[in-house]
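Note sheet for the following structure.
Heavy atoms only: backbone and side chains are in, while hydrogens, waters and symmetry mates are out.
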Amino acid sequence: MTRIYVLGLLIAGLFPLSAQENKPLKAFTPLLNKIWKAEGTWGNGSTFKQEMSFKIALDSSLIITETTGFLDPEQKNYGQRSHGIRKYDTKTGRLRFWEFDVEGNTTRGKVEVYNKDIMYIYDYGGTQVTDYWRYIDDYTYEFVVGILEDGKWQQTFLKTQFTTERKQFYFDFNHYAIVVQDLKRAGDFYKEVFQLKEISHPDNNPKFRWFLVKKAAQLHLIQKEAANFTKNKSIHLSLTTQQLEAFIAHLKHLQISFYDWSGTKNEISIRSDGVKQIYLQDPDGYWIEVNNAP
């Protein structure tokens, strides 16, 4: 069975079909616009290794697939293995596929969908073979090739997983915004106590004062009516400085009280990792932590 090759994936639900016709295609939404990779071992001990990609063609009426895999029985050459076509037949209400490989063979068959699981069913040398893609999540499918009858595997030729790279998001802190009652009083506090540089609001809105903390990180003060809520120390802005002792002296000079976490006035908390922390409140009662974290 080493000549059985993965038959690819199908289209997302992007066809201009009726709601009833489009329903089977929803299972393929996680599969588009990604590169899927799998490695494993066939039942006879030979290596399975493939990469697959998919693109929409002909006004969303087809999916063209490209598969990279081994090109020879000795598994020494690895390259473009096959091209495939996936199409929803509106006349029969069935999903069909065709796969064309480098050896000149054409494999064709039907596709059945169960929720997000996908089965390719086709004839291979007089035997009905099933490629079963069992949905794990949007980045993982369990992949089984074998003979499936009445929902039970009679024989399994390969069992592995197809995976694709998970999306990663990289964030930088942009701003922290608070609502204040007296914009001048609050702005002057942050400017004097923390010596923050005031920057302009893009619309020059007189109800806003913006301050630059460091690089792109900003503090936004907004004067507006807001629902009252309890100012809890657990909800706080945290700033770090390597000049914590000098900052404490600065607070004392301004006669601004600070507290440790337990609430003891003019005391310093020390975290289990050695970081020193103090807490103070702005004119609107918002808590601010200042620490010396590296």
Is it possible for you to say whether Val193 and Ile268 belong to one hydrophobic cluster, with membership spreading through side-chain heavy-atom contacts below 4.5 Å?
yes
Side-chain (Thr130) to main-chain (Ile121) donor-acceptor, under 3.5 angstrom: no
Take Asn266 and Tyr259, measure what side chain to side chain donor-acceptor pair (under 3.5 Å) needs, and give me the verdict at the end. CA-CA 5 Å; Asn266 295 336; Tyr259 305 85; over 6 Å; no
Report, one line per pair, each donor and acceptor closer than 3.5 Å where one atom sits in a side chain of residues 274-283; sequence neighbours left out.
unit_1 : atom_1 : unit_2 : atom_2 : d
Gln277 : NE2    : Tyr279 : OH     : 3.3
Gln277 : NE2    : Glu289 : OE2    : 3.0
Gln281 : NE2    : Gly285 : O      : 2.9
Asp282 : OD1    : Asp284 : N      : 2.9
Asp282 : OD1    : Gly285 : N      : 3.0
Asp282 : OD1    : Tyr286 : N      : 2.9
Asp282 : OD2    : Tyr190 : OH     : 2.7

With a 4.0 Å cut-off on N to O distance, would you call Arg81 and Glu103 a salt bridge? yes
Could you tell me whether the side chains of Gln161 and Thr163 share a donor-acceptor contact shorter than 3.5 Å? no
Distance col, row Ile64:CD1 vs Lys87:NZ, nearest 0.5 angstrom, shows 10.5 Å
Practice prompt. Might you work through the salt bridge (charged side-chain N to carboxylate O under 4.0 Å, His left out) test for Arg271 and Asp273, ending with a clear yes or no?
Written response: CA-CA 5 Å; Arg271 285 192 330 211; Asp273 59 0; 2.9 Å; yes
Checklist line | Audit row: Trp98, Thr107, side chain to side chain contact (heavy atoms under 4.5 Å, CB included) steps and yes/no | finding: CA-CA 6 Å; Trp98 296 261; Thr107 303; over 6 Å; no
Quiz prompt | Criterion side chain to side chain contact (heavy atoms under 4.5 Å, CB included) on Trp42 and Val145, from CA distance to verdict | solution = CA-CA 9 Å; Trp42 290 102; Val145 179; 4.2 Å; yes
Residues Phe48 and Ala38: closest non-hydrogen pair is CE2-CB, 3.7 Å
CG of Leu219 to NZ of Lys197, rounded to nearest 0.5 Å, is 15.5 Å
To the nearest 0.5 Å, atom CG of Asn205 lies from atom CZ of Arg209 at 13.5 Å
Check: Could Lys184 and Asp188 be called an ion pair, given the rule that one side-chain N must be under 4.0 Å from one carboxylate O?
Finding: yes
Does this structure show an ion pair linking Lys191 with Glu198, if we count only N-O contacts that are shorter than 4.0 Å? yes
Between the CD1 atom in Ile248 and the CD1 atom in Ile256, the distance rounded to the nearest 0.5 Å is 13.0 Å
Note to self: Centre-to-centre under 6.0 Å for Phe194 and Phe247, is that the case here?
What the structure shows: yes
### Query
Is it true that the NZ or CZ of Lys233 lies under 6.0 Å from the centre of Trp261's six-membered ring and within 45 degrees of the ring axis?
yes
By side-chain hydrogen bond (donor to acceptor under 3.5 Å, both in side chains), Gln154 pairs with (sequence neighbours left out) none
CG of Asp117 to CH2 of Trp133, rounded to nearest 0.5 Å, is 12.5 Å
For Tyr124 and Val129 the tightest heavy-atom approach is CB-CG2, 3.8 Å
Under 3.5 Å, is there a donor-acceptor pair between the side chain of Lys152 and the main chain of Leu148? no
Tyr114 and Met119 have their tightest heavy-atom pair at CE1-CE, 3.3 Å
Here the pair of heavy atoms bringing Asp138 nearest to Thr164 is O-CG2, 4.1 Å
Original post:
Side chains of Asn44 and Ser46: is there a donor and an acceptor less than 3.5 Å apart?
Top reply: yes
Determine whether the side chains of Gln80 and Thr68 contain a donor N or O and an acceptor N or O closer than 3.5 Å. no
Looking at Leu158, is its backbone amide N or carbonyl O close enough to the side chain of Thr156 to form a donor-acceptor pair, meaning the two atoms are under 3.5 Å apart?
no
### Message
Test side chain to side chain donor-acceptor pair (under 3.5 Å) on Asp260 and Ser262; report intermediate values, then the result.
### Response
CA-CA 6 Å; Asp260 64 12; Ser262 66; 2.8 Å; yes
(message) Just checking Tyr132 against Phe143, ring centres under 6.0 Å apart?
(response) no
Margin query: Between Asp137 and Arg166, does any side-chain N to carboxylate O distance fall below 4.0 Å?
Written below: yes
Worksheet item: Phe211, Val290: one ILVMFWY side-chain cluster at the under-4.5 Å cut-off?
Response: yes
*asked:* Can you confirm if the aromatic rings of Phe208 and His201 lie within a centre distance of less than 6.0 Å?
replied: yes
Correct closest heavy-atom pair for Glu142 and Ile136 would be N-CG1, 3.8 Å
- So Leu212 and Leu196, side chain to side chain contact (heavy atoms under 4.5 Å, CB included) or not? Walk me through it. CA-CA 6 Å; Leu212 186 66; Leu196 300 181; over 6 Å; no
Would a distance-only check, ignoring hydrogens and angles, find a side-chain to backbone donor-acceptor pair under 3.5 Å from Thr240 to Ala293? yes
When rounded to the nearest 0.5 Å, the distance separating CD1 of Ile85 from CZ of Arg96 is 13.0 Å
Which of Gln50, Glu99, Glu66 passes side-chain hydrogen bond (donor to acceptor under 3.5 Å, both in side chains) with Ser82? Answer is Glu99
Name the orientation class of the two ring planes belonging to His175 and His220 (parallel below 30°, tilted from 30 to 60°, perpendicular beyond 60°).
-> parallel
Between Met52 and Thr67, the two heavy atoms sitting closest are CE-OG1, 3.6 Å
Under 6.0 Å between ring centres: does that hold for Phe162 and Tyr141?
no
Any salt bridge between Lys37 and Glu39, counting N to O under 4.0 Å? no
When you look at His236 and Ile288, which way does the side chain to side chain contact (heavy atoms under 4.5 Å, CB included) test go after all the steps? CA-CA 5 Å; His236 60 265; Ile288 306 153; over 6 Å; no
